[in-house]
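Side chains included, hydrogens not; waters and symmetry mates left out as well; all remaining heavy atoms used. Predicted, not measured: the structure shown is a model, and the values here were computed from it.
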Amino acid sequence: MQVVADALGVDRKTLNYHVSDRDGLLELVAADVFAEVMARLDVARAGTWQEAVRVYADGVRAAVLQMGPLAPHFHLQHASLGATLRPVDDLIQVLLDSGFPVRTVARCLRSISSQATASGRDALREATGTGSRDPGVSASRAQVAVLRQAADDFPALRRLAAIDEPGIDPGQWGFEVDVCIAGLAQQLDAVVPVVGDDNA
């Protein structure tokens, strides 16, 4: 912490008043990186609600990727609320204006944010070579090995094993967003308007 205080040109006691330890400092830096990326998102200008979802989802994932090794230290409560919440509020408004019920919008936001964050962290683990120590990635590699061993007895599995490789599929994220958007479109088609009900 003394090195940081020296670099900032402040007294260490002053720094400690705002940040108690190294972990606290890393959390603040990660939050700052996240807020910086989110501030550049222009969800409100998306032409359709589908594009708004895509802009937001890609933005959250990009913010996690931009944090790099700081990503595990990120906690939303340390983020700059103005910069972080503006695109969130914009997406909510776009979805509400498009006819989605409030409860569906809330579920959509949680789902998209969770998927984008997980995808970003998975990509970081793969890129930094720490994926082999991650239980999820290790399980994925083990599953691929099992598929290949069993492929001779199961023709459908044989086709999957021929193309499935351990690690991150570069097309996976786009597929997940497409599935999310398709599911939301189905939800919207099923909406039955109720006069005076804003919380459907």
Side-chain angles (χ1 to χ4, degrees), residues 30-31 33-68 71-72 74-76 79-127 131 134 136-137 139-140 143-144 156 159-160 163-195 197-200:
V33 172
F34 184 84
E36 182 180 336
V37 175
M38 294 297 286
R40 296 197 295 264
L41 298 188
D42 200 351
V43 175
R45 286 200 174 189
T48 63
W49 68 261
Q50 293 93 331
E51 186 58 28
V53 168
R54 197 176 300 280
V55 168
Y56 176 80
D58 287 344
V60 172
R61 186 174 186 270
V64 173
L65 289 172
Q66 188 67 37
M67 282 188 275
F74 175 68
H75 301 287
L76 186 58
S80 172
L81 292 182
T84 302
L85 294 183
R86 172 52 55 194
V88 174
D89 188 69
D90 288 343
L91 179 61
I92 291 171
Q93 193 61 58
V94 167
L95 293 174
L96 290 175
D97 290 346
S98 299
F100 287 95
V102 173
R103 192 175 301 280
T104 300
V105 172
R107 289 169 176 165
C108 167
L109 190 63
R110 283 193 293 269
S111 178
I112 293 170
S113 298
S114 176
Q115 289 182 59
T117 301
S119 177
R121 285 179 169 158
D122 285 347
L124 282 173
R125 283 192 290 262
E126 189 70 18
D134 178 70
V137 176
S140 174
Q143 289 166 0
V144 171
R159 294 182 64 184
L160 186 64
I163 64 166
D164 204 359
E165 295 289 341
I168 301 297
D169 174 359
Q172 183 67 31
W173 173 239
F175 174 82
E176 290 176 11
V177 177
D178 287 344
V179 169
C180 176
I181 289 173
L184 282 171
Q186 186 177 28
Q187 291 281 321
L188 187 58
D189 289 342
V191 170
V192 178
V194 178
V195 177
D197 185 4
D198 293 330
N199 296 304

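When all heavy atoms of A116 and A57 are compared, the pair lying nearest together is CB-O, 3.5 Å. For the residue pair L124 and G68, the shortest heavy atom distance occurs at CD1-O, 3.5 Å. Across V64 and G120, no two heavy atoms sit closer than the pair CG1-C, 3.7 Å. Here the closest non-hydrogen pair linking G59 and L41 is CA-CD2, 3.6 Å. The two residues A52 and V94 come nearest to each other via the heavy atoms CB-CG1, 3.8 Å.
To the nearest 0.5 Å, atom CE of residue M38 and atom CD of residue Q66 are 13.5 Å apart. With rounding to the nearest 0.5 Å, the separation of CG in L184 from SG in C108 is 4.5 Å.
Between the side chain of R121 and the main chain of A71, a donor-acceptor pair closer than 3.5 Å is present.
Using modelled atom types, one finds a donor on one side chain and an acceptor on the other under 3.5 Å when comparing W173 with D58. S119 and Q115 form no side-chain donor-acceptor contact under 3.5 Å, judged by distance and modelled atom types alone.
Between T117 and V60, some side-chain heavy-atom pair lies under the 4.5 Å cut-off. Between Y56 and L109, some side-chain heavy-atom pair lies under the 4.5 Å cut-off. Side-chain contact between I181 and W49 is present, with at least one heavy-atom pair separated by less than 4.5 Å.
Salt-bridge check for R125 with D122: passed, with a basic side-chain N closer than 4.0 Å to an acidic carboxylate O.
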Report task. For side-chain contact (heavy atoms from CB on, under 4.5 Å), just list the numbers for L95 and V53, CA-CA rounded to whole Å, side-chain angles, deciding distance to a tenth of an Å, and then say yes or no. Result -> CA-CA 9 Å; L95 293 174; V53 168; 4.1 Å; yes

